[in-house]
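Taking it in order: structure first as structure tokens, then the write-up.
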Amino acid sequence: MTFASELAAELAAIREAGLLRELRRVDSPQGATILHDGRSLLNFSSNDYLGLANHPAVREAAIAALGRFGAGSGASRLICGSLAPHHELEEALCAFKRTEAALSFTSGYATALGVIGALVGKEDVIVLDKLVHASIVDAARLSGAKMRVFKHNDLNDLEEILSWAGTRRTEASAASRRSRTLVVTESVFSMDGDVAPLREIVALKEKHGAWLMVDEAHGTGLFGPNRRGVAEEQGIAGAIEVQMGTLGKAIGSAGGYVCGRRELVDLLVNRARSFIFSTAPPPSQAAGARAGIEIIAGPEGEQRRNAVWKLVDQFKADFRSRIPDECRSAILPLIIGGETEALSLAQRLREAGIFVPAIRYPTVARGAARLRVTVTASHSPEQVQMLVENLRRLAEEP
Ligand SMILES: *Cc1c(COP(=O)(O)O)cnc(C)c1O
């Protein structure tokens, strides 16, 4: 077989399984509506929860940085000097999350890869919730640490693994060998919209001498009295060794971050390979993220967050039986099951003018395909009403 025909055969198998993915070009900014194929579609697909991706203040901040610092950043921040917008972003992150230090990365994916690889290696243990994001799974594999997975949000299963790791650590320290244990979970799970019992996880990791890293990709901006995330809401942010997140969801720009102790950030600058060996993100990206954080931290952030929760409540009230009770976020999964059924429902919704992605394996387990509805501060109650009416109508059609 030639190169192309071998790949074509693989693609045909992916298509046959209902798992083919294709890019859909959009000719507008992200917002409550998007322009696709010359049509305006209602958009219930994005993680731009607070509607900041095209917010005037975020745009203006990005444009101003572009004017002052140019389009590119030249090299890795350790090589050609570290541009002011990245430092200003990190200062804003520390002030917002109330931590000693922060470090930004080109993406959330690169953050997970860099941080996990810097903290654990083949002598250590990494413990993951079954449903953590692919970036964390990839990072754990790449780190070479011994990987253990606990059942989703299952504290008994986690404790069993932590006792085993604790024994292993005691033996290692008797032999003067290093053995760390790092637990990694998400605060809000990206494809299920449920929340981790962080307070209980903190108690367990303290009891067993492990470290905890929490990915607040879908929590930052939405949870907690000051919208810092679920760690703030549950009152345990100070007990988490590594708080990470993305700048590309509620914050409205792109990139990733870590917040925590000064020593953590200093070590990452020395050890996080995705930080060291990669060109810094464009200054406009950092400036946009900083503007997003400032909005979130202020009164407009509070208004926007409240608007999201109102729409979530509206959708859940109208669609009660279909949304699991544990789901307590802006992510509203409608579990369909079959991959082709989910695809076909997404297509019929598109024909009706509504854009909702069908999420399939390997993003979720086989046979657990779903429509992943996300609501944002940019939507109106009428738009959510329209979504509900269309979902009802299509669910009743054969
Ligand atoms: C989106 C996401 C990431 C990756 O962040 P990017 O900035 O998109 O690379 C990491 N973790 C979780 C839980 C996510 O949902």
Do [X] and [Y] have side-chain heavy atoms sitting under 4.5 Å apart?
{"X": "Asn43", "Y": "Gln30", "value": "yes"}
{"X": "Val242", "Y": "Val214", "value": "no"}
{"X": "Leu332", "Y": "Val312", "value": "yes"}
{"X": "Thr220", "Y": "Arg227", "value": "no"}
{"X": "His152", "Y": "Asp194", "value": "yes"}
{"X": "Leu158", "Y": "Asp154", "value": "no"}
{"X": "Phe319", "Y": "Arg392", "value": "yes"}
{"X": "Pro197", "Y": "Ile201", "value": "yes"}

With respect to Ser179, which candidate in Arg168, Glu171, Glu123 satisfies the side chain to side chain donor-acceptor pair (under 3.5 Å) definition? Arg168

Short side-chain donor-acceptor distance under 3.5 Å, [Y] and [X]:
{"X": "Arg21", "Y": "Thr363", "result": "yes"}
{"X": "Ser253", "Y": "Gln285", "result": "no"}
{"X": "Ser329", "Y": "Tyr49", "result": "no"}
{"X": "Thr170", "Y": "Thr167", "result": "no"}
{"X": "Thr181", "Y": "His208", "result": "no"}
{"X": "His86", "Y": "Glu91", "result": "no"}

Identify whether Met213 and Val188 are in the same connected component of the hydrophobic contact network (ILVMFWY, side-chain heavy atoms under 4.5 Å). no

Can you hop from Val132 to Met191 via hydrophobic side chains spaced under 4.5 Å? no

Could you check whether atom [atom1] of [X] has more than 12 heavy atoms from other residues, nucleotides or ligands sitting under 6.0 Å from it?
{"X": "Asp325", "atom1": "CG", "result": "no"}
{"X": "Glu16", "atom1": "CD", "result": "no"}
{"X": "Glu206", "atom1": "CD", "result": "yes"}
{"X": "Arg350", "atom1": "CZ", "result": "yes"}
{"X": "Arg271", "atom1": "CZ", "result": "no"}

[X] bridged to [Y] by N-O distance under 4.0 Å:
{"X": "Glu389", "Y": "Arg393", "value": "no"}
{"X": "Arg360", "Y": "Glu339", "value": "no"}
{"X": "Arg328", "Y": "Glu233", "value": "yes"}
{"X": "Lys122", "Y": "Asp124", "value": "no"}
{"X": "Asp192", "Y": "Arg370", "value": "yes"}
{"X": "Glu302", "Y": "Arg305", "value": "yes"}
{"X": "Asp48", "Y": "Lys249", "value": "no"}
{"X": "Glu100", "Y": "Arg262", "value": "no"}

Can you name the nearest heavy-atom pair linking [X] to [Y], along with the distance?
{"X": "Ala65", "Y": "Ser284", "value": "CB-CA, 4.0 Å"}
{"X": "Lys97", "Y": "Arg228", "value": "NZ-O, 2.7 Å"}
{"X": "Val120", "Y": "Ala145", "value": "CG2-CB, 3.9 Å"}
{"X": "Ala330", "Y": "Val308", "value": "CB-CG1, 3.9 Å"}
{"X": "Glu186", "Y": "Leu131", "value": "OE2-O, 3.9 Å"}
{"X": "Thr246", "Y": "Gly255", "value": "OG1-O, 3.1 Å"}

Are the side chain of Arg39 and the backbone of Glu351 linked by a donor-acceptor contact shorter than 3.5 Å? yes

Side-chain donor/acceptor of Ser135 to backbone N/O of Tyr109, under 3.5 Å: no

When Ile336 is tested against each of Leu345, Ile359, Leu343 for side chain to side chain contact (heavy atoms under 4.5 Å, CB included), which residue passes? Leu345

Does the Lys NZ or Arg CZ of Arg180 fall within the cation-pi geometry relative to Trp211 - under 6.0 Å from the ring centre and within 45° of the axis? no

Can you classify the ring geometry of His379 versus Phe44 as parallel (below 30°), tilted (30 to 60°) or perpendicular (above 60°)? parallel

